[in-house]
Number of protein chains: 2
Amino acid sequence: MTRKRFENPGCSVACALNEVGDWWSLLVIKQAMLGTRRFVDFQHSLGIAKNILCDRLSRLVENGVLVRVDVGEHGTRYEYRLTDKGRDLFAVVVALRQWNERWNGSKDDMRLVERGTGEPVGAVSVQNSAGEPLGVRDVLFVDENGQPLDRAV
Amino acid sequence: MTRKRFENPGCSVACALNEVGDWWSLLVIKQAMLGTRRFVDFQHSLGIAKNILCDRLSRLVENGVLVRVDVGEHGTRYEYRLTDKGRDLFAVVVALRQWNERWNGSKDDMRLVERGTGEPVGAVSVQNSAGEPLGVRDVLFVDENGQPLDRAV
DNA sequence: TGTATTTGGTTTCTTATTGCAACCTAATTC
DNA sequence: GAATTAGGTTGCAATAAGAAACCAAATACA
């Protein structure tokens, strides 16, 4: 039985998870954000099986999250580089990181600072137009007609 | 062979994915944010197999993302409600939603607006202390001593 | 009161995916 | 010229997923 891929075109979260929602993809992307580009480096830093890494890299390339660039003179050295689409997952990765640090208290080996100033980056949050953070209770989910969906979280 | 659970305590992203990084968990959480609380409602709205739903709900309860509340008089009616920890995944869910809409252009059935004003919520992003958005190229990953890790993304 | 249905599961069975290890080919290094 | 490296592919055993059947307690329905 094929694992359900969330083709449901009515749910953006499902569609996003369809591309990057499996066990390894987001870790591959995070590692790419750290500068990893080569097959063997992904393999060693993540401790992932080679066939699974092959599969994930191919799928991420198919989906336009990574590009495979030929860097050898004669075609057996490749680099996997983030595309704009891939780099745009930065907020997702950082939000996950911060969530884990807030609730599981595990200290990551590395910190994230602004390149220019060296200041730590702020907390990733949903915001209104004034830049004030919004929790899930501060928003409404509305349908195409602007009618709010009943809800109590 | 047991699927690798990312116990690696040195990586927050891996730890976070260990709790909510499988195919269904984030969809269950998103659905809970929409107000779904009952087993059958999760089942029908997500189209998930009952045994898998059981497993995911139990795991999310174990990890403190949901609580199981007895709402029947005599103990066979339950509700699964988000905890503070679960609600705090809001930024992750919205970031994924927005990423998909930016890059895959699929229109979600529902829109997200601020409860008070009815205005659409802003784009979730990593920011510096001044509230300016930061891309992955605008930050440095530094180790415990503040030394930047070599990197070119 | 008696029957049907709903709820929240568990069990069984089949299929898919994972992880490991072995292997493989072209290119590089020694 | 031999050994190693890069980037895979293949085969196998173990695990997880999905569908469907089943089940007990509680509720709704007549």
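Keep in mind it's a predicted model, so treat the numbers as computed, not measured. The chains referred to below are lettered A, B, ... by the order of the sequence lines, with proteins before strands, and numbering in each begins at 1.
- Here dA19(D) is the nucleotide among dG8(C), dA19(D), dG19(C) with the atom lying nearest to any side-chain atom of A49(B).
- In this view, Q43(A) satisfies the side-chain hydrogen bond (donor to acceptor under 3.5 Å, both in side chains) rule with no residue, not counting sequence neighbours.
- Between K50(A) and E79(B), the residue anchored nearer the 5' end of DNA chain C, judged by the nucleotide with its closest heavy atom, is E79(B).
- Counting to the nearest Å, the P atom of dG8(C) and the CG atom of L46(B) are 15 Å from each other.
- Using a 4.0 Å cut-off, some side-chain N or O of W24(A) falls inside it from OP1 or OP2 of dG19(C).
- Applying the 4.0 Å criterion to OP1 and OP2 of dG9(C), one finds that R68(B) has a side-chain N or O inside that range.
- Grouping Ile, Leu, Val, Met, Phe, Trp and Tyr by side-chain contacts under 4.5 Å, direct or through others, puts V113(B) with L140(A), V142(A).
- Under the side chain to side chain contact (heavy atoms under 4.5 Å, CB included) criterion, D143(A) pairs with N145(A), Q147(A), L149(A), sequence neighbours left out.
- D22(A) places its CG atom 16 Å from the P atom of dA16(D), with the value rounded to the nearest Å.
- Straight-line distance from the CG atom of N51(B) to the P atom of dT10(C): 10 Å, rounded to whole Å.
- Spacing between atom CG of D55(B) and atom P of dG8(C) amounts to 17 Å, rounded to whole angstrom units.
- Within the structure, salt bridge (charged side-chain N to carboxylate O under 4.0 Å, His left out) contacts touching residues 82-98 of chain A (residues at least two apart or in different chains) are E19(A)-K85(A), D84(A)-R87(A), D88(A)-R102(B), R97(A)-E101(A), R97(A)-D108(A).
- Across the protein-nucleic acid pair, I52(A) atom CD1 and dT10(D) atom P stand 14 Å apart, rounded to whole Å.
- In this structure, R68(A) is positioned above the aromatic face of Y78(A), its NZ or CZ under 6.0 Å from the six-membered ring centre and within 45° of the axis.
- Of the residues in residues 33-44 of chain B, those placing a heavy atom less than 4.0 Å from an atom of DNA chain C are R38(B), F39(B), V40(B), in numerical order.
- Rounded to a whole Å, the OH atom of Y80(B) is 13 Å from the P atom of dT7(C).
- For D70(A) and dA6(D), the CG to C1' distance is 12 Å, given to the nearest whole Å.
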Quiz prompt | Working for side chain to side chain donor-acceptor pair (under 3.5 Å), residues D22(B) and S25(B) | solution = CA-CA 6 Å; D22(B) 67 301; S25(B) 292; 2.4 Å; yes
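- Applying the 4.0 Å criterion to OP1 and OP2 of dA27(C), one finds that Y78(A) has every side-chain N and O outside that range.
- For Q98(A), there are no side-chain hydrogen bond (donor to acceptor under 3.5 Å, both in side chains) partners, not counting sequence neighbours.
- Per the geometry, CG belonging to L53(B) stands 11 Å off P belonging to dG18(D), to the nearest Å.
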